[in-house]
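Worksheet: one structure, shown below.
What's counted below: heavy atoms across the whole structure, side chains too, no hydrogens, waters or symmetry copies. Every chain is numbered from 1 and lettered A, B, ... according to where its sequence line falls, protein lines coming before strand lines.
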Number of protein chains: 2
Amino acid sequence: MTAPAQKNDTQTQRAYQTLKSLVMENKLKPSASYLETELAEMLGMSRTPVREATLQLQSEGFLSIRPRHGIIVLPISIEDMQDIYDLLTELEPYAAEKVARAGLGAEAHDLLMSHVGAMDAALEADDLVAWADADQAFHMDLVRFAGNARLSKIIGTFWDQVHRARIATLTLRPKPVCSNEDHRKLVELVQAGNWKAARKLHRDHRENGKTMLLNLIKHHNLSHL
Amino acid sequence: MTAPAQKNDTQTQRAYQTLKSLVMENKLKPSASYLETELAEMLGMSRTPVREATLQLQSEGFLSIRPRHGIIVLPISIEDMQDIYDLLTELEPYAAEKVARAGLGAEAHDLLMSHVGAMDAALEADDLVAWADADQAFHMDLVRFAGNARLSKIIGTFWDQVHRARIATLTLRPKPVCSNEDHRKLVELVQAGNWKAARKLHRDHRENGKTMLLNLIKHHNLSHL
DNA sequence: TCAGACTTTAATGCATACATTAATTAATGC
DNA sequence: GCATTAATTAATGTATGCATTAAAGTCTGA
């Protein structure tokens with residue numbers, strides 16, 4: 001899943017996790033605004049930890065705090081999607097290249113392939129949400145193997161930011177069969193150490209995804225997800 | 001300069017700005033640790049805004065908050081430098097490409113060239129800090145012209161994170177004469193719309209900078225800046 | 001002397017009180 | 001009736017108090 005299973009031992013962390021989940025799962029509607037007090041009551045805590053959590057979520061691009069106007073769930077526009085996918089198109093292939101250059105350990109390989117397996121199974125079962133989760137897990141793990149913590153954090157945030165859009169378009173898009181093939185091929189190339197091909201494949205993969213997603217959003221007029 | 005000249009109308013913002021500056025300018029020593037109360041007293045405010053500011057600075061990678069152990073100024077290791085410069089090597093050339101593709105307005109061109117001018121003047125005056133500032137301003141503006149706010153934010157944070165290291169090595173490195181040439185050439189290529197060459201030049205420029213910096217750090221044993 | 005249990009200390013996490021100030025409403029003058 | 005200003009309201013920004021709990025220090029018995 002998406003949530004990185006942290007110890008939520010402080011109220012602030014709990015508030016952070018809960019609010020982030022609510023935003024990502026579209027439980028707090030985009031463009032809607034809430035007062036600190038409301039959120040505090042909603043979460044059963046005082047304003048202090050809510051403030052701390054919302055500040056974090058603001059700097060990560062999920063919320064916008066406009067004093068006296070409330071805490072606003074940031075909608076994700078087409079321009080946001082473009083910007084984010086443009087960066088993913090640069091960064092993820094770089095990660096793939098780096099992993100391919102460094103070599104893929106057996107456990108790493110198995111983990112990635114297990115995600116591909118999950119994606120296959122999900123497709124078979126027609127469980128698109130499960131497919132999306134496995135897809136994300138695959139990409140996050142691949143990036144993690146590149147061994148650059150900052151890169152992982154950035155890419156993770158981006159994936160989380162586009163999460164609503166991905167879910168919203170899941171049923172509108174064609175079944176991601178080729179996508180699964182891409183992943184399998186990518187693992188092969190990475191393991192073979194063919195970093196050039198791995199990078200190119202990943203780049204194409206990401207660009208295809210981007211184009212498809214943006215077209216869906218435009219055609220279906222999903223302007224403010 | 002580095003500080004983005006914001007309205008510091010709340011204590012939290014003031015705390016954020018002040019602490020960030022103190023960290024970047026090496027006034028708060030790396031690896032040193034401070035208590036919330038200390039910082040609050042130091043800044044002449046209560047713990048609350050200090051807490052909020054330090055949380056931000058932690059998520060941006062400047063501080064580490066370890067309850068009961070204090071707020072620690074994160075030292076920047078060689079690995080950090082590698083990771084950051086690796087990402088800059090991917091992202092800045094991408095920005096240059098994007099600007100070259102979109103075209104450079106007259107004002108934009110002039111602004112960039114004014115930075116180059118400042119760099120020349122600084123070199124002439126042997127004012128290395130001024131040179132570093134102009135260098136950063138050049139790159140930040142170039143990235144800004146790419147029109148991707150997320151990209152700007154990320155790159156800005158990275159530059160700020162390596163600021164201490166850049167300053168510390170300023171007097172150890174050879175005079176950045178070629179660097180100035182690179183910038184001038186880069187502006188030319190960007191303006192000519194030659195995105196491929198612009199990207200490559202920027203990539204080489206960044207990789208050279210990275211190699212030089214890392215070597216300096218290794219040779220001079222500046223392990224925990 | 002040293003290990004382990006107990007006590008003390010104090011830093012943090014959180015709630016809350018209060019002051020400030022922006023937004024809203026009411027009031028006033030034209 | 002409308003614009004402008006004053007009064008009201010209430011949400012935020014900040015300080016502060018308190019409970020919790022980790023760390024440091026002390027004590028005891030082997």
If you measure from the Lys or Arg side-chain nitrogens to the Asp or Glu carboxylate oxygens, is any gap between B:Arg206 and B:Glu90 under 4.0 Å?
-> no
NZ-OH distance between B:Lys29 and B:Tyr34, expressed to the nearest 0.5 angstrom = 8.5 Å
D:dG13 phosphate, OP1 or OP2: any side-chain N/O from A:Arg51 under 4.0 angstrom?
-> yes
Considering only nitrogen or oxygen atoms on both sides, find all protein atoms under 3.5 Å from nucleotides 24-26 of chain D and state each distance.
none

For the residue pair B:His183 and B:His202, is the inter-centroid distance of their aromatic rings smaller than 6.0 Å?
-> no
Under 3.5 Å, is there a donor-acceptor pair between the side chain of A:Asn148 and the main chain of B:Asp83?
-> yes
Count the heavy atoms of every other residue, nucleotide or ligand shown that sit under 6.0 Å from CD of A:Glu38, and state whether that count exceeds 12.
-> yes
For D:dG13, does OP1 or OP2 lie under 4.0 Å from any side-chain N or O of B:Gln13?
-> no
Atom pairs, protein N/O to nucleotides 5-7 of chain C N/O, distance under 3.5 Å:
none

For A:Arg164 and A:Met24, the nearest pair of non-hydrogen atoms, with its separation, is CG-O, 3.3 Å
So, A:Glu52 and A:Arg14, do they make that salt bridge, N to O below 4.0 Å?
-> no
Can you name the atoms? Protein N/O to nucleotides 8-11 of chain C N/O, anything below 3.5 Å, with the distance.
unit_1 : atom_1 : unit_2  : atom_2 : d
C:dA11 : N3     : B:Arg68 : NH1    : 2.6
C:dA11 : N3     : B:Arg68 : NH2    : 3.4

Under 4.0 Å: is that the gap between some side-chain N or O of A:Thr12 and OP1 or OP2 of C:dC14?
-> yes
Indicate whether OP1 or OP2 belonging to D:dA15 is found under 4.0 Å from a side-chain N or O atom of B:Ser46.
-> yes
